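Below is one structure, written out as C-alpha cells; comments come after it.
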2 protein chains.
Amino acid sequence: MTRQTRIRSAETGARIRAAALRLFARDGYAAVSMRQIAGEVGLQVGALYNHVADKQSLLVVLMREHMEALLAALDAEALPEAPDAALEGFVRFHIRYHAARPDEVFIAYMELRNLGPENFAGIEALRRRYEDRLEGMLARGAEAGIFSVRDARVATMAVIAMLTGVTTWFRPEGRLSLDEVEAIYVEMARKAVGAR
Amino acid sequence: MTRQTRIRSAETGARIRAAALRLFARDGYAAVSMRQIAGEVGLQVGALYNHVADKQSLLVVLMREHMEALLAALDAEALPEAPDAALEGFVRFHIRYHAARPDEVFIAYMELRNLGPENFAGIEALRRRYEDRLEGMLARGAEAGIFSVRDARVATMAVIAMLTGVTTWFRPEGRLSLDEVEAIYVEMARKAVGAR
DNA sequence: TGTTGTCATGAACGGGTGTTCAGATATCCT
DNA sequence: AGGATATCTGAACACCCGTTCATGACAACA
C-alpha cells in the first residue's frame, strides 16, 4: 500500500461521504441508492465498497462525524464560567453551528431510526453528552439563584428544541440576518429560564 | 354498490390507514412496502388498490387527516380572548394533543419530503394556519403590552418547536406526569414571551 | 334464482435494491 | 523494466419494489 494511493483513497472516501450526505439530506437515507451515490462521485457501484463497509455504516460515519465535530466545536468555544454568559454563548453557538450545516443536522435528527440498536445507542450517547453541557449550565445557574428553572433536564430539552427549530425555517437570504435571529433567541432563552 | 359492502369497504380502508400510520411512523415511509401494509391488514397487495389510489396518496391522506383534526381540535378548545390565558390554553392543548398522537406527529413532521410539490404545499398551508393561531395570540398580546416579543413570527416558531419537542422524550411511564410537563412548559413559554 | 356490483386473489410486469467478485487498470517502489 | 499493490469496471446474484389485471368469490337486490 503506497502513500499516494492512500491519499487518493482517502480523498475518494471523503467525496463519497460528501455525496452521501447531500443525497441523504435531500431524499432520505432509504430513498437513496448506492448507485446514485456512486454516480455522483463518478464511480461504478462496486468501487464504493473499497471505501465503505456497507450502506448503513456510511450513515453511521456521517452521524458520528457530525456529533463529534459538534462536541469539539462547543468545547473550542471555551464558554465563560458565569451561567448567564455561558447560556448566551451556548445559544449563539448552537444556532450558528446548526444553521451552517443544515444537511448534517437534518440527517442526525431524522435518520436515527435507520440505525441498528448498537449504532443508535452510540449516537444517542454523543447527543446526550452535548445536551448535558447545557443542562450543567442551567443547573449551576439555578443553584446560584441566577436562573429559575423547575426542572433542569426539561428546561434543557425545551431550549435545545427551540434553538434547533431555527434550521427548519431560517434562510440566509430571508427577512432576518443570522445575527438578529441569534439575538432574538438569546433573549427568549434567557427569559425562558428566568435569567435576571 | 350495496350499503353493506360500502360499510365493509370503509372499515377496510380505515384498517389500511391505521396499519400504514403505525408502520410509516416506525420505519419511515420509504422503508415500508405495500406488501407489509397488506400483510398487517391480512390482505394481498393487490387488494390495497381497491381502497387507495397509490402509496403516496396514502401518506397524504394520513397527513391531511392529522392536520385537519389538529385544527378542528384547537378550534373546539374555544380558548379565552385574553392573550395570556389563550397562550396557556394553547400550550396545554398542543402538548396534550401531540403527546397522545406520537405516530401522526412523527409522520407529519418527518415525511414531508416524500410529498410531491402540490401535496407538500397543501399540508404546509394547513400547518401555517395552525401556527397563525399562536402568532395571532402573541401579536395581540404584544400590542396590548402584555407580552414582550421582538418578532411575533419568530417567537411563534420558537414556542411551537419547544412544545413539539416534548414528543421526542416524553413517556407516560416516565419521571414526570403529563400534567407536570404541561405546567413546566406553560411557565417557560409565558416567560419566554415576556408575559407579565 | 339470476343478475349485478364489490372486493379479494394470485400472478405477472418492468425495474430497482445492496452486495460480491473475477478480471482489467493504474500507480508506486525496487 | 518488472513486480507489487490499490483501486475500478462490468457483470452477476438473489431479492424486493409499486402497480396492474384477469379471474373468481361473495353478498345484495330484483
Side-chain angles (χ1 to χ4, degrees), chain A residues 1-24 26-63 107 111 113-116 118-119, chain B residues 1-24 26-63 107 111 113-116 118-119:
Chain A
M1 184 187 308
T2 68
R3 170 182 269 159
Q4 274 299 68
T5 49
R6 259 183 198 272
I7 288 174
R8 172 159 311 176
S9 175
E11 277 172 4
T12 304
R15 288 174 60 218
I16 291 171
R17 285 192 292 281
L21 177 72
R22 201 160 42 80
L23 292 173
F24 287 168
R26 200 190 58 187
D27 302 330
Y29 172 78
V32 174
S33 73
M34 295 298 269
R35 283 168 180 81
Q36 260 179 87
I37 298 171
E40 202 80 359
V41 182
L43 295 176
Q44 300 299 316
V45 215
L48 292 187
Y49 292 85
N50 289 322
H51 306 272
V52 172
D54 54 21
K55 193 188 178 189
Q56 163 140 184
S57 84
L58 190 45
L59 178 61
V60 175
V61 166
L62 291 175
M63 287 188 172
I107 290 176
E111 304 293 0
R113 68 175 141 199
N114 291 299
L115 263 37
E118 69 300 332
N119 285 330
Chain B
M1 184 188 309
T2 67
R3 171 181 267 161
Q4 274 298 71
T5 48
R6 260 184 195 275
I7 289 175
R8 173 161 311 178
S9 175
E11 277 172 4
T12 305
R15 288 175 60 220
I16 290 171
R17 283 192 293 280
L21 177 72
R22 203 160 42 79
L23 291 174
F24 286 168
R26 202 189 58 185
D27 302 329
Y29 172 78
V32 174
S33 72
M34 296 299 269
R35 283 168 178 83
Q36 262 180 84
I37 297 171
E40 203 79 359
V41 183
L43 295 175
Q44 300 300 317
V45 215
L48 292 187
Y49 292 84
N50 290 323
H51 306 273
V52 172
D54 55 21
K55 193 187 178 190
Q56 163 138 185
S57 84
L58 189 45
L59 178 61
V60 175
V61 166
L62 291 174
M63 286 188 174
I107 289 176
E111 306 291 1
R113 68 173 143 202
N114 292 300
L115 263 37
E118 69 300 334
N119 286 330

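Because the structure is predicted, anything quoted here is derived from the model rather than measured. Just so we're on the same page: letters track the sequence lines, and every chain starts at 1. Heavy-atom basis, side chains included; hydrogens, waters and symmetry copies ignored.
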Check your understanding: Do A:T12 and A:N50 come within less than 4.5 Å of each other through their side chains, counting heavy atoms only?
Key -> no
**Study point:** Pairwise distance CD1(A:I16) to CG(A:L21) - rounded to 0.5 angstrom
**Key:** 13.5 Å
Review point. Going by the salt bridge (Lys or Arg N to Asp or Glu O under 4.0 Å) test, which pairs reach into residues 43-57 of chain B, not counting sequence neighbours?
Key: none
Review point. Between A:V41 and A:A19, what is the shortest heavy-atom contact and its length?
Key: CG2-CB, 3.8 Å
Practice item. Could you state the atom-to-atom distance from CD of A:Q44 to C1' of D:dA12 in whole Å? Key: 14 Å
Check your understanding: Which residue pairs pass the ring-ring contact (aromatic ring centres under 6.0 Å, His included) test with at least one member in residues 26-45 of chain A, sequence neighbours excluded?
Key -> A:F24-A:Y29
Practice item. Give, for atom CG of B:L48 and atom CG of B:L58, the distance between the pair rounded to the nearest 0.5 Å. Key: 8.0 Å
Practice item. Output all residues satisfying side chain to side chain donor-acceptor pair (under 3.5 Å) with A:R15, sequence neighbours left out; order by chain, then residue number. Key: none
Practice item. Take the C1' atoms of the five end pairs on each side of the helix from C:dT1-D:dA30 to C:dT30-D:dA1, get both axes, and report the angle to 10 degrees. Key: 0°
Review point. When you measure from every atom of DNA chain D, which of residues 15-24 of chain A have a heavy atom less than 4.0 Å away?
Key: none
Exercise for review: Mind listing the residues from residues 46-59 of chain B sitting with a heavy atom below 4.0 Å of DNA chain D? Number order is fine.
Suggested key: B:G46, B:Y49, B:D54, B:K55
Check your understanding: Considering only heavy atoms, which members of residues 29-40 of chain B lie under 4.0 Å from some atom of DNA chain C?
Key -> B:R35
Check your understanding: Who passes side chain to side chain donor-acceptor pair (under 3.5 Å) against B:Q36, sequence neighbours left out?
Key -> none
Exercise for review: Please report the shortest heavy-atom distance between B:A30 and A:A30, naming the atom on each side.
Suggested key: CB-CB, 3.7 Å
Point to revise | Rounded distance [0.5 Å steps], CD1 in B:I37 versus CZ in B:R22 | key: 10.5 Å
Check your understanding: Does B:R113 have any salt bridge (charged side-chain N to carboxylate O under 4.0 Å, His left out) partners at least two apart in sequence or in another chain, and if so, which?
Key -> A:E111
Practice item. Report the residues that fulfil salt bridge (charged side-chain N to carboxylate O under 4.0 Å, His left out) with A:R35, sequence neighbours left out, ordered by chain and then residue number. Key: none
Review point. Tell me: CD of B:E11 to P of C:dT6, nearest whole Å?
Key: 18 Å
**Study point:** For B:Q56, all residues meeting side chain to side chain donor-acceptor pair (under 3.5 Å), sequence neighbours excluded
**Key:** B:N119
Review point. Quick one: does A:V61's side chain get under 4.5 Å of A:V52's, heavy atoms only?
Key: no
Could you run down the sub-3.5 Å N/O contacts of the protein with nucleotides 23-25 of chain D?
none

